[in-house]
Colleague: 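Pasting a structure below so you can have a look.
All residue numbers refer to positions in the sequence shown, counting from 1.
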Amino acid sequence: MFSDSNNFRDLGEDGAVKEATNAVRRARHLMGRVVAALSRLLPKRTGARLARELLGAYAVKVTKDALSLSDVSVDESECLKKLLTEAFDPCGLLVVSAGGGRSDADAEAAALIDGLEGHEWMKGSALPSMLDAQMTDLLEWWESGRLPALGFVTDEVGGFVRANFEASENRAVVLDRLLSGE
């Protein structure tokens, strides 16, 4: 699904952002068409279940790729934020049905996403704001339970901090507090 995205790596290289953006858009387009067909053409319960399974698999892949990055520059962070915002936007995800409009399709997508099991979609949706956050914000979100409530685990948040913030005394303190709070 994301063969041209290079798993969001090297977004600072020429053409990489365009390729990743196109890969996300193609995946959303394809997924939106299949999810719409599943949820609209199959019996309601079966269609919704299969549509949610597909949405969940997509969210797992995108979230995993974003969280597996080991070194993200400031420029790459901005590009990644835009990509993830688009990747997890329910608006425009599903194709418009013959009898409905854009708002109906967006409401249908939101309902399917709201019914997802697990946390991957919520985690993916939270990543753009995490990319905007200060390290101390991330630590506060962790300690207050906000990030664990979204399904983040210590290793993911620690890896995110290591990838997005330069090595410093402050980063070491934040990582120590993250790890000691397990």
Side-chain angles (χ1 to χ4, degrees), residues 1-29 31-32 55-93 106 109-110 113-114 116 118-179 181-182:
M1 187 163 20
F2 290 103
S3 60
D4 295 335
S5 75
N6 194 24
N7 301 344
F8 304 128
R9 294 189 187 334
D10 305 319
L11 291 175
E13 292 184 10
D14 288 343
V17 172
K18 184 177 180 180
E19 289 176 11
T21 300
N22 288 339
V24 166
R25 288 179 179 161
R26 277 192 306 276
R28 280 178 52 88
H29 177 75
M31 185 179 57
L55 288 167
Y58 165 87
V60 166
K61 170 68 173 143
V62 174
T63 302
K64 180 182 173 197
D65 286 354
L67 288 173
S68 69
L69 297 171
S70 60
D71 186 24
V72 180
S73 72
V74 173
D75 292 338
E76 289 172 323
S77 176
E78 279 302 310
C79 295
L80 185 60
K81 182 174 69 169
K82 290 176 186 171
L83 285 167
L84 292 169
T85 298
E86 184 169 348
F88 288 99
D89 186 358
C91 295
L93 180 62
D106 290 346
I113 289 166
D114 287 345
L116 284 172
H119 294 91
E120 294 305 318
W121 196 280
M122 291 186 307
K123 285 166 65 174
S125 296
L127 287 171
S129 60
M130 289 173 64
L131 287 163
D132 271 344
Q134 304 277 332
M135 251 190 308
T136 54
D137 295 332
L138 294 172
L139 181 60
E140 179 185 319
W141 296 347
W142 177 259
E143 290 176 339
S144 71
R146 178 178 169 188
L147 293 178
L150 294 172
F152 285 96
V153 295
T154 306
D155 290 344
E156 291 171 330
V157 178
F160 183 89
V161 168
R162 281 185 207 89
N164 288 280
F165 297 96
E166 290 186 25
S168 68
E169 209 173 296
N170 190 34
R171 185 178 87 168
V173 169
V174 167
L175 289 171
D176 186 51
R177 283 182 60 185
L178 278 170
L179 296 173
E182 287 186 89

Colleague: Under a 4.5 Å cut-off applied to non-hydrogen side-chain atoms, are L147 and M130 in contact?
Modeller: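 They are in side-chain contact.
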Colleague: Check V174, L178, N164, V161 against L138 for a side chain to side chain contact (heavy atoms under 4.5 Å, CB included) and give me the one that passes.
Modeller: V161
Colleague: For G92 and R28, work out which heavy atoms get closest and say how close.
Modeller: C-NH2, 3.8 Å
Colleague: For L69 and E76, what are the C-alpha separation, side-chain angles and deciding distance, and is it a side-chain contact (heavy atoms from CB on, under 4.5 Å)?
Modeller: CA-CA 11 Å; L69 297 171; E76 289 172 323; over 6 Å; no
Colleague: Can any side-chain N or O of S144 pair as donor or acceptor with the backbone N or O of W141 at less than 3.5 Å?
Modeller: yes
Colleague: Of all the heavy-atom pairs spanning P128 and G124, show the shortest one and how long it is.
Modeller: CD-O, 3.3 Å
Colleague: Measure the spacing between CZ of R171 and CG of D176 and express it to the nearest 0.5 Å.
Modeller: 13.0 Å
Colleague: What's the spacing between L179 CG and D155 CG if we round to 0.5 Å?
Modeller: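 Reported value, rounded in 0.5 Å steps: 7.5 Å.
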Colleague: Could you state the interatomic distance from CG (L84) to CG (D89), rounded to the nearest 0.5 Å?
Modeller: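 Interatomic distance, L84 CG to D89 CG, rounded to 0.5 Å: 12.0 Å.
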Colleague: Test your reading of the model: is there a side-chain donor-acceptor pair from E78 to the backbone of D75, 3.5 Å cut-off?
Modeller: no
Colleague: Just verifying a value: how many Å separate F152 CZ and L67 CG, rounded to the nearest 0.5 Å?
Modeller: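 CG of L67 is found 6.0 Å from CZ of F152.
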Colleague: If you take all heavy atoms of V17 and L11, which pair is closest and at what distance?
Modeller: CG2-O, 3.1 Å
Colleague: Does E19 form a side-chain contact (heavy atoms from CB on, under 4.5 Å) with N22? I'd like the steps, not just the answer.
Modeller: CA-CA 5 Å; E19 289 176 11; N22 288 339; 5.9 Å; no
Colleague: Please step through side-chain contact (heavy atoms from CB on, under 4.5 Å) for the pair V72 and F8, ending with a clear verdict.
Modeller: CA-CA 10 Å; V72 180; F8 304 128; over 6 Å; no
Colleague: In terms of ring plane angle, is the pair F88 and W121 parallel, tilted or perpendicular, where the classes change at 30° and 60°?
Modeller: perpendicular
Colleague: Taking all atoms of both residues into account, what is the closest heavy-atom pair of S77 and L131, and its distance?
Modeller: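 Where S77 meets L131 most closely, the heavy atoms are OG-CD2, 3.5 Å.
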Colleague: State, to 0.1 Å, how close P90 and A109 come at their nearest heavy-atom pair, and which atoms those are.
Modeller: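 Closest pair (atom of P90, atom of A109, distance): O-CB, 3.6 Å.
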Colleague: Does CD belonging to Q134 count more than 12 external heavy atoms closer than 6.0 Å?
Modeller: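 For Q134, atom CD is not crowded (no more than 12 foreign heavy atoms under 6.0 Å).
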Colleague: How long is the gap from CZ on R146 to CG on D137, to the nearest 0.5 Å?
Modeller: 9.0 Å
Colleague: I need the M135 CE to E166 CD distance, nearest 0.5 Å.
Modeller: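 Going from CE on M135 over to CD on E166, the span is 9.5 Å.
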Colleague: Is there a side-chain contact (heavy atoms from CB on, under 4.5 Å) between R26 and T21 once you walk through the steps?
Modeller: CA-CA 9 Å; R26 277 192 306 276; T21 300; over 6 Å; no
